[in-house]
There are 2 protein chains.
Amino acid sequence: MTVNDTTIRTDYPDPLWVQAADSLREQIAGGTLRAGSRLPPERELCLTLGISRVTLRKALQALVDDGAIAPSHGRGWYVSGHADERNEWPNSLESFSETAERMGLLATSRVLTAEVSASTIDEAEKLGIAPGTPLFRLGRVRMLGGVPIALDWALIPALLLPQPERFDFTTDSLYQALADGGNELANAETTIEAREASADVASALDVEAGTPTLVMHQVVRGRGERPVLASTVQYAGDRYRLRTYFARHNRTEL
Amino acid sequence: MTVNDTTIRTDYPDPLWVQAADSLREQIAGGTLRAGSRLPPERELCLTLGISRVTLRKALQALVDDGAIAPSHGRGWYVSGHADERNEWPNSLESFSETAERMGLLATSRVLTAEVSASTIDEAEKLGIAPGTPLFRLGRVRMLGGVPIALDWALIPALLLPQPERFDFTTDSLYQALADGGNELANAETTIEAREASADVASALDVEAGTPTLVMHQVVRGRGERPVLASTVQYAGDRYRLRTYFARHNRTEL
DNA sequence: AAGTGGTCTAGACCACCCC
DNA sequence: GGGTGGTCTAGACCACTTA
């Protein structure tokens with residue numbers, strides 16, 4: 001027999017495992033499942049949620065990636081102590097706008113540069129394109145509550161962001177603009193280092209020259225695996241702190 | 001029957017999905033599957049590898065987490081351009097010893113402190129233990145090829161690392177020591193900031209006071225979700241660069 | 001229309017933990 | 001021994017891409 005045809009049949013529902021994961025997240029957030037407590041057995045959850053065990057386990061894995069629960073072989077699933085909401089992009093750095101939201105501040109930008117011009121050899125190599133390919137260059141001062149926090153330079157092959165003048169990057173998200181154009185971001189290589197503020201950077205960030213800054217360089221790729229974006233962000237050392245959360249995967253090896 | 005009931009029985013075959021993932025990794029690394037090329041269809045791989053589709057997909061997901069391949073609905077699986085070996089702990093920061101290996105340098109340490117003493121209130125709060133609980137304190141200068149790179153302070157509840165004097169932390173890995181004791185590390189909360197080197201730090205790292213340093217603070221949890229380790233690492237700004245690689249998960253949002 | 005990945009099921013057996 | 005998570009299967013249908 002098939003499932004009991006509950007006639008839900010809604011036209012475009014989330015996959016069952018997403019619904020199940022959301023349901024469990026709510027129960028954890030709502031306190032029905034307290035931190036440290038054990039979840040009902042998988043086979044019982046299957047009945048409660050009306051899904052198969054394979055599907056349930058996919059939902060549970062999603063919660064593991066969030067850091068919300070952890071399995072213990074032979075004992076059960078346990079709710080993590082620190083089960084608050086995690087990033088929507090787990091294991092990533094907290095984004096600037098996420099930080100702003102967490103701190104209850106308004107994230108804005110002052111646009112220094114927004115223009116299309118030919119790429120240099122170095123830029124082309126980083127982005128995996130031919131030298132001279134048109135690049136959209138976006139330079140911004142990122143601010144929280146009006147205070148300058150970071151200098152952000154982004155390079156995007158112009159073809160991937162047609163008509164950049166459609167956007168107002170004092171408030172619009174560059175990531176969102178790329179996603180709207182069908183360039184979903186899939187992964188990123190990141191390096192982070194500490195460096196003194198040069199005179200130029202210092203004046204843009206309104207700090208003294210020579211003070212420590214945090215320099216983050218990223219090459220972000222889309223689904224197609226070609227780099228979509230290269231960015232360099234330089235944070236004033238005493239005004240920002242990168243945050244991230246790592247969860248180890250299901251590897252059995254040490 | 002009860003053949004030899006040797007209690008050990010270290011007869012661990014890897015799960016099929018791990019074997020399958022390894023097999024695919026080899027084919028990619030070995031060039032049988034070139035960057036950018038398409039993998040055989042899932043149903044064909046199932047026959048080749050002699051496993052079911054569910055199992056195969058678990059293996060493929062592992063490669064996605066490595067950043068080695070990416071799926072395209074309706075088209076196939078594609079090998080990523082940058083398909084070289086990734087971290088064993090994907091989406092984590094590259095560890096000090098990994099960096100050393102990549103650069104062909106020898107990672108050593110000078111042990112400043114290795115002692116057990118009672119925890120302060122602040123330390124206890126970070127580690128989720130009672131104030132006064134004995135802590136193993138390990139202070140090291142981390143070096144690459146004999147050059148001091150970072151100051152590393154680690155705090156571990158003493159119960160989790162009995163007889164720390166068994167280890168020689170000038171060369172032994174703290175993570176390995178914890179894993180040997182059954183404390184597998186599961187996840188970590190990390191903050192990273194830039195700060196000036198104090199006089200003490202500067203002399204330990206052999207740099208000038210006031211130069212930029214990268215300060216990374218981590219609270220690492222094990223499977224049990226209780227913190228296992230709190231560490232603060234301060235890198236000389238002009239001698240080290242953190243590296244990481246993020247891969248977006250299967251979320252459909254955006 | 002055919003091929004491909006995405007989701008889902010019902011049931012099975014194994015490995016681990018605890019009584 | 002009984003309960004629990006970990007692995008695995010064979011088959012089904014849906015959604016997307018390409019021709």
Side-chain angles (χ1 to χ4, degrees), chain A residues 1-6 8-22 24 37-64 69-79 182 184 186 223-224 248-253, chain B residues 5 7-22 24 37-64 69-79 182 184 186 223-225 249-253:
Chain A
M1 59 177 79
T2 61
V3 258
N4 58 347
D5 49 332
T6 38
I8 299 178
R9 265 314 191 212
T10 48
D11 287 348
Y12 2 87
D14 274 345
L16 287 182
W17 68 268
V18 173
Q19 298 179 38
D22 288 342
L24 291 169
S37 68
R38 209 192 71 179
L39 268 63
E42 294 185 0
R43 291 154 180 88
E44 191 179 321
L45 283 172
C46 291
L47 295 176
T48 315
L49 297 167
I51 59 179
S52 76
R53 195 157 158 238
V54 177
T55 305
L56 172 69
R57 283 178 61 79
K58 182 151 186 171
L60 292 171
Q61 187 54 50
L63 295 202
V64 171
I69 62 174
S72 180
H73 197 169
R75 301 202 301 137
W77 289 89
Y78 289 83
V79 179
E184 216 182 326
R223 291 263 171 255
R248 188 191 265 277
H249 290 180
N250 258 352
R251 302 300 186 74
T252 323
E253 27 95 14
Chain B
D5 50 343
T7 50
I8 302 287
R9 201 59 171 160
T10 31
D11 194 34
Y12 302 131
D14 273 346
L16 287 183
W17 67 267
V18 173
Q19 298 179 37
D22 287 342
L24 291 170
S37 67
R38 209 192 71 179
L39 269 63
E42 293 186 0
R43 290 154 179 87
E44 193 179 320
L45 282 172
C46 291
L47 295 177
T48 313
L49 297 167
I51 59 178
S52 75
R53 198 161 155 232
V54 178
T55 306
L56 172 70
R57 284 178 61 78
K58 183 150 186 174
L60 292 171
Q61 187 55 50
L63 295 203
V64 171
I69 63 173
S72 180
H73 196 168
R75 301 203 301 136
W77 289 88
Y78 290 84
V79 178
E184 216 183 327
R223 291 261 171 258
E225 292 299 327
H249 289 181
N250 257 353
R251 302 298 186 78
T252 324
E253 35 94 12

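Throughout, protein chains are lettered first and strands after them, A, B, ... in sequence-line order, and every chain is numbered starting at 1.
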Can you tell me how far C1' of C:dG3 sits from CD of B:Glu44, to the nearest Å?
12 Å
Measuring from the side chain of A:Arg57 (C-beta onward, heavy atoms only), which nucleotide among C:dG6, D:dG5, C:dT9 has the closest atom?
D:dG5
To the nearest angstrom, the CH2-P distance between B:Trp17 and D:dC8 comes to 9 Å
Using whole Å, report how far CG of B:Leu16 lies from C1' of D:dA10.
15 Å
Mark yes or no for a side-chain to base donor-acceptor pair under 3.5 Å between A:Arg43 and D:dG5, with no hydrogen or angle criteria applied.
yes
Closest of D:dT4, C:dG5, D:dG6 to the B:Pro41 side chain is C:dG5
Phosphate OP1/OP2 of C:dT7 contacted by A:Lys58 side-chain N/O (<4.0 Å):
yes
Would you indicate which nucleotide in D:dG5, C:dG5, D:dT7 comes nearest to any side-chain atom of B:Trp77?
C:dG5
Hey, are A:Glu42 and A:Trp77 close enough side-chain-wise for a donor-acceptor pair under 3.5 Å?
yes
Atom pair distance, as rounded to whole Å: CZ in A:Arg38 and P in D:dT4
6 Å
How many whole angstroms separate atom CG of B:Asp14 from atom C1' of D:dC8?
15 Å
Within the structure provided, determine whether A:Leu16 and A:Leu49 are in side-chain contact (heavy-atom separation under 4.5 Å).
no
Heavy-atom nearest nucleotide on DNA chain D for A:Ser72 versus A:Val54: which residue maps closer to 5'?
A:Ser72
To the side chain of B:Arg53, which of D:dG5, D:dT18, C:dG5 is closest?
C:dG5
Nearest of C:dC8, D:dT9, C:dG6 to any side-chain atom of B:Ile51?
D:dT9
Round to the nearest Å and state the distance from B:Leu60 atom CG to C:dT7 atom C1'.
15 Å
Please give, in whole Å, the distance from D:dG5 P to A:Leu45 CG?
8 Å
How many angstroms lie between OH in A:Tyr78 and CD1 in A:Ile69, if you round to the nearest 0.5 Å?
12.5 Å
Starting at CG of A:Leu56, measure out to OG1 of A:Thr48 and round the result to the nearest 0.5 Å.
9.5 Å
Would you say the side chain of B:Asp22 lies within less than 4.5 Å of the side chain of B:Val18, judging by non-hydrogen atoms?
yes
Calculate the interatomic distance between A:His73 atom NE2 and C:dC16 atom C1'; express it in whole Å.
5 Å
